[in-house]
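As structure tokens, the structure follows; a few thoughts come after it.
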Amino acid sequence: MRILVTGAAGFIGSHYVREVLAGSYPESADVHVTVLDRLTYAGRRENLPAEHERFTFVRGDICDRDLLDRVVPGHDAIVHFAAESHVDRSVTAPGEFIRTNVTGTQQVLDAALQAGVDRVLHVSTDEVYGSVETGTWTEDSPLLPNSPYAASKASSDLVARAYHRTHGLDVRITRCSNNYGPYQHPEKLIPNFVTRLLTGRHVPLYGDGRNVREWLHVDDHCRALHLVLTKGRAGEVYNIGGGSGLSNREMTGRLLALLGADWDMVRHVEDRPGHDFRYAIDDSKIREELGYAPRWSIESGLEAVVNWYRDHPGFWRTPAS
Ligand SMILES: NC(=O)c1ccc[n+]([C@@H]2O[C@H](COP(=O)([O-])OP(=O)(O)OC[C@H]3O[C@@H](n4cnc5c(N)ncnc54)[C@H](O)[C@@H]3O)[C@@H](O)[C@H]2O)c1
């Protein structure tokens, strides 16, 4: 089997590729992986096993249709991670989010259709549902995205659905909650707070810190993705969750405790405009249909991630930091 993985020089895609090439998943022992990545500020070749015999890296843009038409043919499946992924950046510079996340996804789907690729896994996010005060979202909940990032992902989900309904392309869509784990860019909340505390710097907490997010270890997300790729159904959406719902204040408290720091290291900063209050998803479909269950507890996951950033300063220290 040959899998093309877009955006795999980033956080989640690189974890997925490392695990596939390590044979960690059923049916992944002989898989050949091609990575297509533009290497934006968020992508690094060093995140990937360059020397692996079943690995090929192509640097390029998913919006480049000529390139897609050269790279896509010959693959059995596409796992599509490539995206602009940071909500704060989408507030100040939304154009690149629409270009990569919407137009780029449409180009990937169209190239897959033209090349006769068997299936496409479109990796999306629970943020497409918007904020929920109480209860949980199912896959049938309305799409009510609030940030430009979430709107671009919701748009790409609808384009993916249309390629299935209109052309019969086998597309599966996943919507996962917030991920954490090794190799995450230090602009994101957990690595940002960990690396700042490791270097004795204050951490910025948005607003009153009451916003609630569900946190899932990247390893659980990637196992779920491979389940959907190999056992899921065409045209279906699968929520992936099962992590821990924590307010940003609670998460901050846990990170302070793990790093032996006090609340005087916290600075309250002006809230993000349109900041969603709470995300919570119902993932019973993937649990019942595909036998998914997360393995990492938030306690063991956070401890491991703090240790990883402590042990890998080369990943996050820049001359300026
Ligand atoms: N991080 C999360 O908590 C989370 C949760 C649910 C879903 N997701 C989704 O998972 C996917 C991966 O997220 P991540 O956190 O690993 O992101 P990331 O920002 O760490 O990595 C994104 C990767 O995409 C590449 N890329 C960006 N634009 C590209 C383009 N035009 N052409 C080719 N490559 C391009 C970047 O170079 C980078 O390697 C995204 O689609 C995101 O929406 C993320």
Side-chain angles (χ1 to χ4, degrees), residues 4-18 34-48 57-65 67-68 71-72 78-90 93 95-108 111 120-129 145 147-157 160 173-192 213-222 224-225 228 237-241 243 279 281 283 305 315-316:
L4 174 64
V5 189
T6 69
F11 166 45
I12 305 172
S14 70
H15 188 91
Y16 179 72
V17 168
R18 289 191 301 273
T34 306
V35 167
L36 172 62
D37 197 294
R38 187 183 178 191
L39 296 182
T40 67
Y41 78 94
R44 294 181 181 205
R45 276 194 80 147
E46 308 86 271
N47 293 352
L48 292 161
F57 184 84
V58 179
R59 182 173 190 177
D61 189 335
I62 56 166
C63 299
D64 180 345
R65 183 54 189 268
L67 176 66
L68 286 174
V71 172
V72 170
I78 298 177
V79 183
H80 177 44
F81 290 97
E84 288 293 330
S85 70
H86 191 38
V87 177
D88 286 348
R89 288 177 187 259
S90 82
E96 196 58 34
F97 286 71
I98 304 302
R99 194 188 84 89
T100 285
N101 300 4
V102 186
T103 305
T105 297
Q106 185 268 326
Q107 292 293 340
V108 169
V120 179
L121 176 60
H122 174 59
V123 181
S124 192
T125 165
D126 65 352
E127 301 197 24
V128 298
Y129 297 118
S147 70
Y149 164 67
S152 70
K153 293 296 291 189
S155 305
S156 67
D157 287 15
I173 299 171
T174 57
R175 297 186 181 137
C176 189
S177 53
N178 278 26
N179 281 213
Y180 70 96
Y183 295 90
Q184 188 169 30
H185 193 285
E187 70 185 355
K188 302 285 169 54
L189 189 146
I190 290 177
N192 182 257
R213 296 292 179 268
E214 248 184 59
W215 293 98
L216 186 71
H217 196 283
V218 65
D219 192 52
D220 286 325
H221 184 191
C222 288
L225 291 175
V228 174
V237 177
Y238 295 90
N239 285 346
I240 303 171
Y279 297 148
I281 56 174
D283 64 355
V305 89
F315 176 81
W316 52 271

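Nothing fancy with the numbering, it's 1 onward along the sequence. Counting convention: from 1, in listed order, for ligands and their atoms alike.
Side-chain N/O atoms of Y279 and E127 include a donor and acceptor closer than 3.5 Å.
Near G43, meaning under 4.0 Å from any of its heavy atoms, are these atoms of ligand 1: 37 (O), 38 (C), 39 (O). Numbered from 1 in the order shown, with element, the atoms of ligand 1 that lie under 4.0 Å from a heavy atom of G60 read 32 (N), 33 (C). Near V123, meaning under 4.0 Å from one of its heavy atoms, ligand 1 places the atoms 10 (O), 41 (O). The contact set between ligand 1 and D61, taken as ligand atoms under 4.0 Å from a residue heavy atom, comprises 30 (C), 31 (N), 32 (N). Listed by number with element, the atoms of ligand 1 under 4.0 angstrom from any heavy atom of F81 are 11 (C), 12 (C), 40 (C), 41 (O). Contact atoms of ligand 1 toward L39: 37 (O) (distance under 4.0 Å to a heavy atom of the residue). Residue G10 approaches ligand 1 through these ligand atoms, each under 4.0 Å from one of its heavy atoms: 20 (O), 21 (O), 38 (C), 39 (O). Using a 4.0 Å cut-off to heavy atoms of A82, the atoms of ligand 1 that qualify are 24 (O), 34 (N), 35 (C).
A salt bridge links E187 to R89: one of the charged nitrogens lies within less than 4.0 Å of a carboxylate oxygen.
For S124, the heavy-atom gap to ligand 1 drops under 4.0 angstrom. Residue Y149 places a heavy atom less than 4.0 Å from ligand 1. The shortest separation from a heavy atom of K153 to ligand 1 is under 4.0 Å, placing the residue in contact.
Atom 8 (N) of ligand 1 has its nearest heavy-atom neighbour, among I12, D64, N178, V35, in I12. The heavy atom nearest to atom 27 (C) of ligand 1, out of those in G7, A83, S177, is found in A83.
Closest heavy-atom contact between G60 and L67: CA-CD2, 3.5 Å.
With respect to atom 36 (C) of ligand 1, the closest heavy atom belonging to the protein is T40 OG1, 3.3 Å.
The ring-ring contact (aromatic ring centres under 6.0 Å, His included) test with Y180 singles out one residue from H217, H185, H15, and that residue is H217.
Classification of the Y16-F81 ring pair by plane angle, with boundaries at 30° and 60°, yields tilted.
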